[in-house]
Amino acid sequence: MRSTSIQVLCAAAIALLALSGCRGDQADTAADAARAAVTNGTGGSLKGDFGPPQGQPVNAILTSPPNVPPPTGRTKPAKVIVELNVVEKEMPISEGVSYTFWTFGGTVPGSFIRVRQGDTVQFHLRNMPDSKMPHNIDLHGVTGPGGGAASSFTAPGHVTRFTFKALNAGLFVYHCATAPVGMHIANGMYGLILVEPPEGMPPVDREYYVMQGDFYTSGKYREKGHQAFDMQKGIDENPTYVLFNGAEGALTGDNALKANTGENVRLYVGNGGPNLVSSFHVIGEIFDKVWFEGGTRFNENVQTTLIPSGGAAIMDFHLEVPGSYVLVDHSIFRAFNKGALAILKADGPERPDIYSGKEVDAMYIGDQANASNAPVAAAAVAAKAGALTVEDQVKAGQALFAGTCSTCHQANGEGMPGVFPPLAKSDFIAADPKRVASVITHGLQGPVTVNGKDYNSVMPPMAQLTDDEVANISTYVLNSWGNPGGRVTKEEAAAIRKGPGLSTTAAEH
Amino acid sequence: MKLPTFLACLLLAAAGSLAAAPAKAPPLPSDSVYQLPLKLTDQHGKSWDWRRKRGQPQLVSMFYSSCQYICPLIVESGKAVERALTPAQRARLGVMMISMDPARDTPATLARMARQRHIDDRRWSLASPAADDVRSVAGVLDVRYRQLSDGEFNHTSVLILLDADGRMLARTEKIGSDVDPAFVAKVRAAL
Amino acid sequence: MRLKFAIVLFTVPVAVALAAGGAAWVKLPGGSFRSALKYEDAATTRVAAFELQKRPVTNAEFLAFVQAHPQWRRGKAPPVLAEPRYLQHWAGPVELGAKAQPQQPVVNVSWFAAQAYCQAQDARLPTWSEWEYAAAADETRRDARKDPAWRERILGWYSRPSSGPLPRAGLQAANAYGVQDLHGLVWEWTDDFSSLLVDPESRNQGDPDKSKFCGAGALSMDDRDNYAVLMRVAMLSSLQARDTTANLGFRCARDIRK
C-alpha cells in the first residue's frame, strides 16, 4: 500500500515538473508565435480553423444599431445559432419623408452579429410572410459560394438555413444579394458581422455601431411625402441622401451617441454603399487606433479613414474634452447637404489644459499692431488723470509714428528724396510748428520745398487718427531730429482739425 | 414510431395491397406525394397510378431518355445506391424513373433504354406520365426543367427517397457514381 | 349554426353571380418577341395566338370553385399540393369574411390550386412567355419595355410595402391588348414557373457551372434595365409549387378555339 502511494507521489511529482517545463515551453512558443504573426501575418483562413465546435450550441445575441453585442468571451470554437429576419417596412428617412425600406431585423443597418474566429455558425434566414420579395444574404465573413447567397434564397413566408465556419477574423459587411442587387442594397439591406480574433478585441469602455449608406429617391432631398426608389439615380451614382444608420437624425439630438470623458470609445463603422466610398472623420477627435478596412492590423493617429463601399473599419479613441463630436463623411457636401452627419456627445468636466475654448476676442488693428501700444495706453491714462507730460506724449507719439508715419517718412524722419519730404530738421516745420498737426489732419498736396528740395506728392489726411493721437504724434515730431520742440495738446489738435488747413501758397516760403 | 407498430402497419399495408381492396389500407398521409393522382405508363406498356407503388420505399427521379449529359448519370446514381445495399435491402427498394418527355419516351423507347443501360427490369420502373401531368409531378417532387427548342431539356437533377407511404425522406443533388453517404445512410434506415 | 347556414345560402348565389359575370377573356395575336431573359437556344421567342383572362381571378370566383370542388377547400387540400397558409386570409373554408373582399384578387393559393381552378374552367395557366408577352404592353403600345418612364412606374409598385390592403381587380386601365392588372397588383403563377432556371446567386451571370441545370448554365438577364421582369423571375424562381404567399395570385389562359 505504501509503495504504491510513493509511486503515485513520484509520478505526480514527475508530471508536475514535466508540466511546468511544458508551460515554460508554451510561453516561449506563444511569444514566438506573436513575433511570427507580426512579420508573417496571422495565417489567414488556413490557420483559422480551430477544429470542430465544442460545448453546447450558443444562441447569438443580435443587437439593433447603434448597440453592439458584448464580447463573446469564448476561448474555444463554438456552434453559434443566428436567426435573422427579413422585414420590409415603411419608415421615415427624413422628417416628413417616408420610404419603404427592406431590412434585416427591422432596422437599417441590420442587426449586429458577433462571433469568434473558428466558430461554426448555423444561419437561419427568415423572410416575413408579408414581404413582397424573395431575399438572400451574402456575409463577407463567409468562405463559400456567394458568401451564403446561393444557399439562402428565401421566398416570403419561408426560412432557409445554411452553416459556415468563420475562418478569418475581422469586421465584415453582410448584405442581400437578390437581383437587382443594387436596389436591394439601396433599400437598406446591409449590416455588420464581427468575427473576433481568437484573443478577443482589446477592452474599451464603449462600443457603438454606425453604418453609412447612400439612398436614391425620385423626389429631391427632403421633399415631403412617401418617396420611391429611383433606379436611374442609383445607376448614375447620384444619391439624394447619404446617411448614417438609415435616417436623418438617426444619431443626432436625443439619439446622439453618448460617452463620458476619460473613456475609450470604439466605433464599428460599416459602409453599405451601394455606391459611395466614405471619408470617415470625427470632428474634434483623432483616431488613436484604426483597424483600417476592418482587418487585423491597426494604424495610429489617423484623422480621416477611407471605408470602401461594402467595407468597414474599427476605430478607438480616448475622450478628454467634453462636447459634441460630429461624425461626418468628409466629402463634405454629403455631410451638410445630404445628411451624412451623426453626433457623439461626451459629458464630463472641462479640460482647459487640453482645450480652452475661446480666450480672446479683441480688435485687430493690422499694421498698427507692430508698435507696442503700452506708451499710448499710458498716455491715455495720464491724460485722463490730467497728468500728461511732454515725455508721455513724446513716447506715445513715437509708438504711433512707427507704422503709420514711418512707412513714408522713415523711422529717422529722413523721408525719401524726391518723393516724401523729410521731417528731420525741417525748415518747413521750423517756419510754423503748427503745420505738423495741420498736415496730419488735412493732408498736403501740391509743390512744396523742404530743406532746399522740391517735392510734389500727395499726402492723404490721416483721418483715422484721433485728436490725442494727432497731438502725441505732433509733439513727438516737434521734439525729434533737431526740430524746434514744443507740444500740441489734444484741444489744439481738435481746433486745427476744424480749421481750414494749409494752402499751397502758404506752403512756400 | 416503434418498430412493432411499424411492422404491423407494413403488414397491414401489404395485406391490403394483396387483397386488392384499397379501402382496407390506412388512409394516405396528407404529406405523401401520392396525394397527387398520377397515371404512368411504364416500359412494359402497362398503365397504373403511381399510388400502386405504395407499400415499398422508392428511389425516384426525373429524366428523359434522349439525354446525353446528366441523365445517364442519374441512372448511374441509382445503381450506385443499390450497390451500397445488401441484396436483402435491395429487394425491399423500388426505383421509379419518371420521364419529363412523354412524347418521345414511349414504352418501346423506355424498354430500349432499360436494355442499353442494363437496368434490372423487375425493380426499376421507367415510366412516362401524360403530357399535361409532367409539370404537376415535377412540382410535387420539386424538379425544375425547361424544354429547349430542339427538344432537349435543361433540368435540375435530384434523387429522392420516398418511404412506403410516399413521404419524402431525403433528397440529394449529388449525382454520379460517387454516392452521397448521408443519402445512402437514410436509404438504409428506411429499408 | 343557423346563422352559418344562412350565410352560406346567401354567399353561394352571390358568389355564383359574381363569378359568372366576371371572367372576361381577351384575344392576343401572338407573334415573335424578344424576351428579357437570355435563352441559349433561341434569340427570339414565338408566342402562338392565345386567350388570356382580362384580370386576375378574384376571391368570389375562387370561392365558387371550392364550393363545387370540395377537395380544394382549405383543410381538405393535402399539404403536398397546398402549404398550410393556403387561403389563410379567408374566414372559413367556404367563407370569405372581412379580410377577403369578393373582388380582390385571390391570393394565398398554390400552383396546384391555381392549375386545378383553370382546368375546371376548361383552361390552363399562361406560360411564362405568354405572360411576358402580354405584360410588355402599356396602355397604348404593345411593347413599352424600352420606355424608362414605364419601367419606373412598375418599379414604383415594389417601393410600396405589401402590408396595406389589396386593391380590387380590374381597377387599372387596360393595356394595348385589353388586359388589366398585369403589373402593380399581385405576382401571378405561370404554368412553367419552374422552368425559370435561375441561380439564386444571381451575381455570377455568365459563370459556366453547367452541371447545375443539366447541360446549361443558369438563365441570365438579357435586358438588365427591365427590373420589373427581373424581379418577377426572382420571385417565381424562389417558389415551390405548393407555396402560397399573400401577394401571389393568378389568371387563366386558353388556346384559341377553332
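Bear in mind the structure is a predicted one, so any value in this text is a computation, not a measurement. Quick note: numbers below take in every heavy atom, side chains included, and nothing from hydrogens, waters or symmetry partners. Letters A, B, ... mirror the listed sequences (proteins, then strands); counts begin at 1.
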Which members of residues 27-41 of chain B, sorted by number, sit under 4.5 angstrom from chain C on a heavy-atom basis? S30(B), D31(B), S32(B), V33(B), Q35(B), L36(B)
At a heavy-atom separation under 4.5 Å, does L125(C) approach chain B through its side chain, its backbone, both, or neither? neither
Atom OH of Y39(C) and atom OG of S149(B): how far apart are they, to the nearest 0.5 Å? 11.5 Å
Near K79(B) NZ, under 6.0 Å, is it more than 12 heavy atoms from other residues, nucleotides or ligands? yes
Restricting to salt bridge (Lys or Arg N to Asp or Glu O under 4.0 Å), what partner residues turn up for D132(B), sequence neighbours left out? none
Heavy-atom closest pair, residues R242(C) and G139(B): NH2-O, 4.5 Å
Tell me, for Q119(C) versus chain B, whether the close heavy atoms (under 4.5 Å) come from the side chain, the backbone, both or neither. neither
Can you name the nearest heavy-atom pair linking S195(C) to R146(B), along with the distance? O-CD, 3.3 Å
Of the listed residues (D150(B), V143(B), V140(B)), which shares the most heavy-atom pairs with chain C below a 4.5 Å separation? V140(B)
Hey, what do you get for CZ (R135(B)) to OG (S194(C)), rounding to the nearest 0.5 Å? 4.0 Å
From R144(B) atom CZ to D192(C) atom CG, the distance as rounded to the nearest 0.5 Å: 11.0 Å
For chain B, which of P79(C), A241(C), A77(C) has the most heavy-atom pairs under 4.5 Å? P79(C)
